[in-house]
Amino acid sequence: MKQSFIILFLLCYNFSIAQENRVVGQVVDAVTSQALAYVNIVLEEQHKGTSTDAQGRFSFVIKGADTSASLKFSYVGFKIRNIKLTDLNSRVVKLEPAVNSLSEVQLYNITENNSKKINDFRGRESIGLGNFSGGQFPSMIARYYARPENFKAGCFLEEVEVRFFSADIKTNRKSKFRLRILEVGENGKPGGDLLTKNLIIERGDNRFKTKIPMLRYRIPIPKEGFFVAVEHLFIEENKYIEEKDYRVYRQTDTLIYEDFKVVKYLPVFKGVLEEEDENFNSFFKDTNGWKKMNNLDNSHSVFKGEVPAPAFKITLTD
């Protein structure tokens, strides 16, 4: 029987008993006091994280963390804020809106006379791209797209098609994620947000792709190109349980955990296998920043010596 594989990385678990602390609070806009839904929160010291719910509330269980450690709050269009654990419990966290200053403003009329579709993955072997944190903190994957040479004046993002991968019925249900459009940053890695709106997309039950119209946001494509990224949200409705056998290798022996239950978060995005060459430009983000996917261990036979990349389909127009 053909096996389906999902790239879900299990971090090292500490099975010893440690003191648990529950941190609760709410995140709001510092200017309007409006609750901020789906803010991602990460305790980088422990590589753990969560997201706020639709009312901006969060509840976070922390084991054995240094109370001087900080939680990192990040939200599109707002300044990142770090707050010490000792200052957090049962309080309202206020995020300041980011101030974006543009050195140059160019105006274009969108004519839609010229259109180009990029990345039709028909014929490529599919693979699932799940939580690259092993379900420990909200992660993100991104793929680079160059600006086509035949767009001499204006070039705008018209549509993004995101595809999903399902290994069984529990991963094929309704879920939410954040779509992000990023500029090219330092060393060619994903940088700041070109789309400054928090764009939350809902995948419907048994839907294997979703088309997201983008022309309304009038995102001009820079000459350096851009990245399309999808970001997981660690919210209750996205949660599911993965049950697998894991082997933990030690110097003296090997521990086998049978039917080990791990909490993961939907959706599982569709990826494809590509050859690793100088043009490969897909990334994943962990608590240490952006890393190219060709840094992953692809020694397993499922990869066939190739590297996974997101299966997005992009439409550009003038």
Side-chain angles (χ1 to χ4, degrees), residues 5-14 38-52 58 60-66 69-76 80-83 85 127-144 162 165 175 177-193 227-235 238-240 242 244 246 248 262-271 274 276 280-300 303 307-312:
F5 292 85
I6 300 176
I7 304 174
L8 299 168
F9 292 88
L10 180 66
L11 301 184
C12 295
Y13 286 88
N14 183 355
Y38 313 129
V39 176
N40 277 342
I41 306 168
V42 176
L43 177 61
E44 294 182 333
E45 180 185 84
Q46 289 194 353
H47 302 281
K48 290 180 65 67
T50 188
S51 304
T52 62
F58 65 91
F60 195 25
V61 175
I62 300 169
K63 295 183 179 181
D66 185 346
S70 296
L71 283 177
K72 180 179 180 180
F73 294 77
S74 61
Y75 196 62
V76 177
I80 292 174
R81 187 173 181 188
N82 293 280
I83 304 179
L85 293 175
I127 196 165
L129 304 177
N131 304 149
F132 275 72
S133 65
Q136 295 299 288
F137 60 87
S139 56
M140 192 164 17
I141 53 176
R143 184 184 180 94
Y144 170 78
V162 178
F165 183 92
S175 54
F177 64 95
R178 179 179 284 115
L179 179 70
R180 298 179 68 171
I181 310 299
L182 307 173
E183 64 185 2
V184 178
E186 187 178 356
N187 299 322
K189 296 180 179 181
D193 289 284
F227 286 89
V228 173
V230 286
E231 185 175 18
H232 277 106
L233 304 173
F234 278 22
I235 55 179
N238 285 357
K239 187 183 296 185
Y240 74 101
E242 182 190 65
K244 292 181 69 174
Y246 288 100
V248 179
V262 181
V263 175
K264 300 291 178 68
Y265 294 85
L266 297 172
V268 177
F269 299 102
K270 180 180 177 180
E274 296 187 352
E276 181 179 355
F280 185 84
N281 220 351
S282 294
F283 290 79
F284 69 96
K285 190 176 185 182
D286 64 13
T287 56
N288 296 316
W290 288 102
K291 298 178 181 178
K292 267 195 175 181
M293 284 191 174
N294 56 8
N295 288 326
L296 298 171
D297 180 8
N298 65 341
S299 59
H300 195 288
F303 296 110
V307 184
F312 305 141

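Because only heavy atoms are used, hydrogens play no part in the values below, and waters and symmetry mates are left out as well, while side chains stay in.
- Here S70 pairs with N82, K84 under the side chain to side chain contact (heavy atoms under 4.5 Å, CB included) rule; sequence neighbours left out.
- With T52 contributing its side chain and V39 its backbone, the two residues share a donor-acceptor pair below 3.5 Å.
- Looking at heavy atoms from C-beta onward, D193 lies in side-chain contact with L182 at the 4.5 angstrom threshold.
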Verdict with supporting geometry, F73 and I80, side-chain contact (heavy atoms from CB on, under 4.5 Å) = CA-CA 6 Å; F73 294 77; I80 292 174; over 6 Å; no
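- Annotation: side chain of T287 is not in contact with side chain of L43 (no heavy-atom distance under 4.5 Å).
- With hydrogens and angles disregarded, a donor-acceptor distance shorter than 3.5 Å links the side chain of H232 to the backbone of P267.
- Across every non-hydrogen atom of V76 and R178, the tightest pair is CG2-CD, 3.9 Å.
- Of all heavy-atom pairs spanning G130 and V268, the tightest one is N-CG1, 4.2 Å.
- When all heavy atoms of P308 and L296 are compared, the pair lying nearest together is CG-CD1, 4.1 Å.
- Note: L129 CG to K270 NZ = 11.0 Å, rounded to the nearest 0.5 Å.
- Side-chain contact check for V230 versus P310: every heavy-atom pair is 4.5 Å or farther apart.
- Residues V228 and I181 have side chains in contact (heavy-atom distance under 4.5 Å, counting atoms from C-beta outward).
- Taking 4.5 Å as the limit, some side-chain heavy atom of D286 sits within range of a side-chain heavy atom of K291.
- In this structure, CD in Q46 is found 12.0 Å from CD in E44, a value given to the nearest 0.5 Å.
- In this structure, V263 and K239 have side chains that are in contact, with non-hydrogen atoms separated by less than 4.5 Å.
- Among residues two or more places apart in sequence or in another chain, the side chain to side chain donor-acceptor pair (under 3.5 Å) test is passed with N281 by none.
- In terms of modelled atom types and a separation under 3.5 Å, the side chain of S139 and the main chain of F132 share a donor-acceptor contact.
- For N131 (side chain) and K264 (main-chain N/O), no donor-acceptor pair under 3.5 Å exists by modelled atom type.
- Separation of atoms CG (L71) and CD1 (I83) is listed at 8.0 Å; rounding is to 0.5 Å.
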Quiz: residues 183-191 side-chain donor-acceptor pairs under 3.5 angstrom, not counting sequence neighbours:
from, atom 1, to, atom 2, distance (Å)
E183, OE2, G192, N, 3.3
K189, NZ, W290, O, 3.4

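- Contact record, F234 with G49: CD2-O, 3.7 Å, taken as the closest heavy-atom pair.
- Closest of all the heavy-atom pairs between F227 and A142 is CD2-CB, 4.2 Å.
- Going from atom CD of E231 over to atom CG of L179 covers 10.5 Å, rounded to the nearest 0.5 Å.
- Rounded to the nearest 0.5 angstrom, M293 CE and E274 CD are separated by 10.0 Å.
- Put simply, CZ on F137 and CG on N40 are 10.5 Å apart, with the number rounded to the nearest 0.5 Å.
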